[in-house]
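Note sheet for the following structure.
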Protein chains: 2
Amino acid sequence: MPHDTAKPTAAPTENPLPTDVPAPALMPVDDLLCFSFYAASHAFTRVYKPLLDAIGLTYPQYLVMVALWEKDDQTVGGIGDKLGLESSTLTPLLKRLEALGLLSRSRDPADERVVRVRLSDQGEALRAQARKIPECILKATGLDLADAVRLQKEVSALRDALEKAAGKS
Amino acid sequence: MPHDTAKPTAAPTENPLPTDVPAPALMPVDDLLCFSFYAASHAFTRVYKPLLDAIGLTYPQYLVMVALWEKDDQTVGGIGDKLGLESSTLTPLLKRLEALGLLSRSRDPADERVVRVRLSDQGEALRAQARKIPECILKATGLDLADAVRLQKEVSALRDALEKAAGKS
DNA sequence: GGAATATAATTCGTACACGATATAATCGCA
DNA sequence: TGCGATTATATCGTGTACGAATTATATTCC
């Protein structure tokens, strides 16, 4: 293995960290709030895996399908707003779902910039196959419905706070 | 600015507590517990972005560094267990951190199968630069420390439940 | 002591995920 | 009315993330 001397060190951009705050003790990874979300999110994906394999979808693809089952005929940007994804993520993902025959993508005649995404009959039909998934997931969490709803609200509120903080920094 | 033109949803069902519904089969995306985690996790990444750009790390790279700051001289598998990542994810990531001069990777003479990962002086030094990050994140969450700890514990417990469910399927 | 097995890391192929850039279509306003 | 700014999507490059197959080493058990 050749010894790399490139060493692209930290960019000399302005440091957004406060410089005079006394630092707290270093937290173990497991105690970081962000890490618990990171790990829990991966754990969700792993629980979904066998259920989604059965209907031939990945987890992000499933989220797009749920969004379309909820409301058909959405734009790429609309789906992106809902799921928090960029068009650079969605375009290839939607092309794969189109290749699977689950939806169609076509430019809106009224505004050629916009691509409208519509479920195919097959995409509609898949909904029935996916119907039992949410309760399987709920069971895997070990939570009752009330706790799950409470936690979902708390996490969504946290997301809002984080996005507000990220938006204006 | 949302791109919706069609059908203002007349349904006043903003509250996702439909306990009369037999199964959470047709839940909107936003109400899925898994989605709230998925979205919150992305939101955390976005909040971290400017802070980590300043020290030249990505978010998963930062987690690896935190794990090493907590305990130096770990194996690839050990880090993977802690972070819940496969070696196929870690190997290239660790090679990038090595290329940055933050750590070294070398086979253990006592067992040539394992690779020991050790911080370099530069990697140790970076710790000081990163000390103030956790409190910046806490501030962005809008939570006080007690709430953050409580939520972290709840989410970690959920992760454990999910992993147990995924493990024996 | 050596074959069968198990383990640790790497490689490979596929699929997100994002920022920067490109391209095309529409809008805004002088 | 025209043309610069804005908007919607697509493309490109980099970096996760995982499962399957591979390689090399260590352990088991006969």
Side-chain angles (χ1 to χ4, degrees), chain A residues 1 6 8 11 13 35 38-39 41-50 52-53 56-65 74-81 83-100 105-117 163 166, chain B residues 1-5 38-39 41-50 52-53 56-65 74-81 83-100 105-117 166:
Chain A
M1 188 184 303
T13 56
F35 174 69
Y38 174 84
S41 201
H42 287 168
F44 265 118
T45 303
R46 277 189 285 272
V47 170
Y48 267 102
K49 183 81 169 54
L52 293 179
D53 279 350
L57 295 178
T58 66
Y59 179 63
Q61 286 168 5
Y62 169 73
L63 291 179
V64 168
M65 293 302 291
Q74 297 194 57
T75 68
V76 174
I79 296 170
D81 285 347
L83 301 186
L85 297 175
E86 304 295 319
S87 70
S88 48
T89 300
L90 280 174
T91 295
L93 191 158
L94 290 169
K95 282 183 176 176
R96 279 186 280 270
L97 289 175
E98 188 179 36
L100 287 170
R105 298 159 57 248
S106 55
R107 294 277 166 183
D108 188 334
D111 184 344
E112 290 281 345
R113 292 172 305 179
V114 170
V115 167
R116 306 211 70 94
V117 180
E163 285 184 345
Chain B
M1 184 190 344
H3 318 209
D4 248 19
T5 55
Y38 174 84
S41 201
H42 287 349
F44 265 117
T45 302
R46 277 189 286 271
V47 171
Y48 268 102
K49 183 81 169 52
L52 293 179
D53 279 351
L57 295 178
T58 66
Y59 179 62
Q61 287 167 6
Y62 168 72
L63 291 179
V64 168
M65 293 303 291
Q74 298 194 57
T75 67
V76 174
I79 297 170
D81 284 347
L83 301 185
L85 296 175
E86 303 296 320
S87 67
S88 50
T89 300
L90 283 174
T91 294
L93 191 158
L94 290 170
K95 282 183 177 177
R96 279 186 279 270
L97 290 176
E98 188 179 37
L100 288 169
R105 296 158 58 248
S106 55
R107 294 277 168 183
D108 188 333
D111 184 344
E112 290 281 348
R113 291 172 305 180
V114 317
V115 167
R116 307 211 70 92
V117 180

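Within every chain, numbering begins at 1; the chains are lettered A, B, ... in the order of the sequence lines, protein sequences first and strands thereafter.
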*Among all residues two or more places apart in sequence or in another chain, which pass the side chain to side chain contact (heavy atoms under 4.5 Å, CB included) test with Asp81(B)?*
none

_nucleotides 11-19 of chain D: protein proximity per nucleotide (B base, S sugar-phosphate only, - neither; heavy atom, under 4.0 Å)_ = BB--SBBBB

*Under the side chain to side chain contact (heavy atoms under 4.5 Å, CB included) rule, what do Val117(B) and Val76(B) come out as? Steps first, then yes or no, please.*
CA-CA 7 Å; Val117(B) 180; Val76(B) 174; 4.2 Å; yes

*Report the residues that fulfil side chain to side chain donor-acceptor pair (under 3.5 Å) with Arg107(A), sequence neighbours left out, ordered by chain and then residue number.*
none

*asked:* For Arg96(A), give me all partners under side chain to side chain donor-acceptor pair (under 3.5 Å), at least two apart in sequence or on another chain.
replied: none

*With sequence neighbours left out, what residues match Lys49(A) under side chain to side chain contact (heavy atoms under 4.5 Å, CB included)?*
Asp53(A)

*Contacts of Glu86(A) that satisfy side chain to side chain donor-acceptor pair (under 3.5 Å) - sequence neighbours left out*: none

_Below 4.0 Å from chain B heavy atoms, what is the first contacting nucleotide of DNA chain C and what is the last?_
dT7(C) to dC18(C)

Below 3.5 Å between N/O atoms, which protein atoms pair up with nucleotides 23-28 of chain D? Just atom names and distances, please.
from: dA26(D); atom 1: OP1; to: Glu112(B); atom 2: N; distance (Å): 3.0
from: dA26(D); atom 1: O4'; to: Arg113(B); atom 2: NE; distance (Å): 3.4

*Taking only residues two or more places apart in sequence or in another chain, which ones pass side chain to side chain donor-acceptor pair (under 3.5 Å) with Arg116(B)?*
Asp73(B), Asp108(B)

*Touch check for Thr45(A), heavy atoms < 4.0 angstrom, all strands: base, sugar-phosphate only, or nothing?*
nothing

_Residues in side chain to side chain contact (heavy atoms under 4.5 Å, CB included) contact with Thr45(B), at least two apart in sequence or another chain_ = Tyr59(B)

